[in-house]
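Data block below; observations after.
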Amino acid sequence: MFSCTYCTKSVFGQTWRYKSAERVVAEIEKMVDYGFKEFHVVDDMFTTNKQRAKDICNMMIDKKIPIVYNLRNGIRVNSVDDELVKLLKESGCYRASFGIESGNQKVLNGILKGVKVEQVREAMKLFKQHSIERLGFFMFGLPDDTEQSMQETIDFALELDPEIAKASISTPFPGTP
């Protein structure tokens, strides 16, 4: 579906399979029945189909499901809008993680991330406006990285001011470009 050069398709493949919004909400309701008070969405594709994500949120709101959750895997900054962020908050989302990777557009283009630095700013601003904690994932040592571009990433992280910033050193995996 996406072609970031650091993701290994040999493990996850190229197709995206997902459960219907109804099934997801039914599973959340079952978790509440078992006594869960919180869950974490470990799905970096959760907001890829915005309508499905909105449907999940709307169903959770309509059913008044008493649970909070965290989008912890790193959603894409170009797959959110104000309406979705508002629904996420209203349905119980308290934190969202973003795969930002770099604050340098050339580096982002080189890893085929498919996002613009300005889209990162906008997404982070939306989540802050709706009082959802933001976790940013940053990578250092990407193929086009230089000392200057890594400093730009540090400066960008400081500008975005996420509640949590996680930096890692890029590690090439077998099967990745």
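Numbers here simply count residues along the sequence, with the first being 1.
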Grouping I, L, V, M, F, W and Y whenever their side-chain heavy atoms are under 4.5 Å apart, do [X] and [Y] come out in a common cluster?
X: Ile67; Y: Ile56; answer: yes
X: Phe36; Y: Val24; answer: yes
X: Phe137; Y: Phe98; answer: no
X: Tyr69; Y: Val32; answer: yes

Give a yes or no answer on whether the side chain of Ser20 reaches the backbone of Arg23 with a donor-acceptor pair at less than 3.5 Å.
yes
Looking at every heavy atom in both [X] and [Y], which two are closest together, and how far apart are they?
X: Cys57; Y: Leu88; answer: SG-CD2, 3.6 Å
X: Pro162; Y: Arg134; answer: CB-O, 3.4 Å
X: Ala96; Y: Ile132; answer: N-CG2, 3.9 Å

Measure the spacing between [atom1] of [X] and [atom2] of [Y] and express it to the nearest 0.5 Å.
X: Glu27; Y: Phe39; atom1: CD; atom2: CZ; answer: 10.5 Å
X: Gln151; Y: Asp145; atom1: CD; atom2: CG; answer: 11.5 Å
X: Leu142; Y: Lys113; atom1: CG; atom2: NZ; answer: 10.0 Å
X: Leu84; Y: Phe127; atom1: CG; atom2: CZ; answer: 6.5 Å
X: Ser91; Y: Ile65; atom1: OG; atom2: CD1; answer: 9.0 Å
X: Lys89; Y: Leu126; atom1: NZ; atom2: CG; answer: 14.0 Å

Residue pair [X] / [Y], side-chain heavy-atom distance below 4.5 Å:
X: Val25; Y: Lys63; answer: yes
X: Met150; Y: Thr146; answer: no
X: Ile100; Y: Leu160; answer: yes
X: Met60; Y: Leu87; answer: no
X: Val68; Y: Lys37; answer: no
X: Asn109; Y: Asp144; answer: no
X: Ile164; Y: Arg95; answer: yes
X: Ser102; Y: Met139; answer: no

For [X] and [Y], which I'm curious about, is there any donor-acceptor pair between the side chains at under 3.5 Å?
X: Asn104; Y: Glu152; value: yes
X: Asp82; Y: His130; value: yes
X: Thr48; Y: Ser79; value: no
X: Arg72; Y: Asn70; value: no

Show the numbers, then the answer: is there a ring-ring contact (aromatic ring centres under 6.0 Å, His included) between Phe138 and Phe156?
CA-CA 10 Å; Phe138 299 91; Phe156 191 50; 7.2 Å; no
Going by an N to O cut-off under 4.0 Å, is there a salt bridge joining Lys54 and Asp81?
yes
Under the criterion side-chain contact (heavy atoms from CB on, under 4.5 Å), I'd like the reasoning laid out for Val107 against Glu101: C-alpha separation, chi angles, the key distance, then a yes or no.
CA-CA 9 Å; Val107 172; Glu101 322 323 351; over 6 Å; no
State yes or no: are the ring centers of Tyr18 and Phe46 separated by less than 6.0 Å?
no
Take atom [atom1] of [X] as the centre, draw a 6.0 Å sphere, and report whether it contains more than 12 heavy atoms from other residues, nucleotides or ligands.
X: Gln148; atom1: CD; answer: no
X: Glu147; atom1: CD; answer: no
X: Lys86; atom1: NZ; answer: no

Begin from the C-alpha positions of Val41 and Ile75 and carry the test side-chain contact (heavy atoms from CB on, under 4.5 Å) through to its verdict.
CA-CA 10 Å; Val41 177; Ile75 61 175; over 6 Å; no
Which of these, Gln129, Arg121, Lys128, sits in a side chain to side chain contact (heavy atoms under 4.5 Å, CB included) with Lys125?
Gln129
Would Asn73 and Ser97 count as a side-chain contact (heavy atoms from CB on, under 4.5 Å) here? Give the steps.
CA-CA 6 Å; Asn73 234 41; Ser97 302; over 6 Å; no
side-chain contact (heavy atoms from CB on, under 4.5 Å) between Thr153 and Phe140, worked out
CA-CA 8 Å; Thr153 297; Phe140 292 98; 3.9 Å; yes
Parallel, tilted or perpendicular, judged at 30° and 60°: which one describes the rings of Tyr94 and His40?
perpendicular
